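First the structure, in the form of structure tokens, and then the observations on it.
Note that the structure is a prediction, hence the values are computed from the model and not measured. Just so we're on the same page: letters track the sequence lines, and every chain starts at 1.
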Amino acid sequence: MLKDITLGQFFPGNSPIHRLDPRAKLVAVIAYIVALFTSQGFLTYGICFVALAIVVKVSTVRLKALVKGMKPVVFILVFTAVVNIFYATGTPIFSIGFLTVTYEGLLRAFFMVIRILMMISCTFLLTYTTSPLALTDGLESLLGPLKKLHVPVHELAMIMSIALRFIPTLIEETDKIMSAQRARGADFETGSLVQRAKALVPLLVPLFISALRRADELATAMECRCYHGGDGRTRMNELHYRPADTVFLICAILFAVAVAVLGAFGY
Amino acid sequence: MSVPILETVHLSHVYSEGTPFRHVALDDVHFAVQPGEYVAVIGRTGSGKSTLIQHCNGLLKPTSGQVLFSGEDIWSSKERTHQVRFQVGLVFQYPEYQLFEETVYKDIAFGPGNMGLPEEEIRRRVLEAAHFTGLSDDVLERSPFDLSGGQKRRAAIAGVIAMEPQVLILDEPTAGLDPVGAKQILDNIRAYHQEKKAAVILVSHSMEEVAREAQRLVVLREGKIALDGSPEEVFAHGDELESMGLGVPAMTAVFARLRAMGIDVPASVYTVEQARDAVLAALRRKEGRPC
């Protein structure tokens, strides 16, 4: 059950998308999201969809993996769709009591769902094709200028990479503790909401304790290897910006600008 | 022989069926434990030991085959599976990580509490379990997180013993403990085994440990039972054990070499104590003989 979580999972591969510099990919994702939010009509959404389809195809990420990642957001999607259907004014199609379904509402709900789906797809694409390490390196490098403002960029990146690294470990740990408490007759599945929340105590307490213990051990291990923050620290894998990255980045930005302009004209 | 208290029939378990990660952990395993028997399960990492013991109390569902408790399938109804969990107590590896209550007493009482027993009965069981695991009364009122490593381990084992299971399964209960702490825990388990006439299944990597404690050894290899018999019978297959990456107790190996050199010593020697007696007996025989 818990093993099905695909959050932040990386599928190693050697496609052109995998080989791109993480900084280029990060900026491209932001550009893509900007494009999505400036899209207005069928044309702009269509362009966004085609762009996404091309990148998915090139990246060799299987469609199944993308769809699987959508499962947790189904609720949000349905909620967004329902709210949008009823909260638009325009040509009414039919009404149920005081709720009126309009043509505009349906259209808006459709676009909203598409927008969320594509946004999640493109961020999943980023984590599927970029190793967590490369991703945090990229973030650190992108946020580098903030160091001048005394923002602890390196520390934030380190926190992020450690957090990503420990997600699978914690899931495994949760599974283990759950089995152990089940062996003592704990019941996590049945009962009222309050009972189920109470049943989580025997799971959460050991989990927190072990997470804190792990953190402590990790800190000691890092200190033993002379870690003292980002200053003067060299890297084994330096990020190399290649011409292909520049081309990709320019394409992404041009794409975002084009969509934004088209969107501004209401297409 | 009577009806086995616990039995697996054609038990197979496959992990991640239908994905590239498909892995057969158990393959047609037939494993039976008699009431009051002390069995040790040995095998390398990944041989299916943990998968097997998690089937014994219904934490894992067989891909095919059956698990019988007192001759009845434990998966016949939801209620039965739940009840069997109390009858077959499972102590995981490093069980101290499952402690969560404010006091040791409350933690030990968690299992019996889930059984829906009256307060008085819970109290009796907690005190008895604490007695079996050698925890003194003042420890019971302390926080489990203030205890030493060995005490934590014993408190966690007490939490399972308090359910008074007819079968007690322990996955490497002595891992990571010093020799004294390890011996205490094994003594505690033996005390429970003898006084409650409960069956015990001990999973271990230490050949000395299983040779000293268990009446029967079951060796798993790649999800199948490779050897099954008394320590004497199993350790007679020294080479086979070696090829599985297991080996025999150090003393048994020494005595096998002595026998190979033509010295008249018994083959069934597993512990230093037995070795001492055997050597003394051999020397006495030699002295008795005129040179």
At a cut-off of 3.5 Å, what donor and acceptor atoms pair up between chain A and chain B?
unit_1	atom_1	unit_2	atom_2	d
A:Q181	NE2	B:Q98	O	3.0
A:R184	O	B:N114	ND2	3.0
A:R184	NH1	B:D107	O	2.9
A:R184	NH1	B:D107	OD1	3.2
A:R184	NH2	B:D107	OD1	3.2

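For A:Y45, the ring-ring contact (aromatic ring centres under 6.0 Å, His included) partners at least two apart in sequence or on another chain are A:F111. Applying the ring-ring contact (aromatic ring centres under 6.0 Å, His included) criterion to A:Y227, with sequence neighbours excluded, gives A:H154. Scanning for ring-ring contact (aromatic ring centres under 6.0 Å, His included) contacts around B:F92 gives an empty result, with sequence neighbours left out.
Within the 4.5 angstrom heavy-atom criterion, only backbone atoms of B:L99 (N, CA, C, O) approach chain A.
Separating the CD1 atom in A:I209 from the CZ atom in B:F100 is a distance of 10.5 Å, to the nearest 0.5 Å.
No more than 12 heavy atoms of other residues, nucleotides or ligands lie within 6.0 Å of CZ in A:F110, so this atom counts as exposed by the packing criterion. Applying the 6.0 Å contact sphere to CZ of B:F145 captures more than 12 heavy atoms from other residues, nucleotides or ligands. More than 12 non-hydrogen atoms from other residues, nucleotides or ligands lie less than 6.0 angstrom from CZ of A:F255. Atom CG of A:L193 is surrounded by 12 or fewer heavy atoms from other residues, nucleotides or ligands within 6.0 Å.
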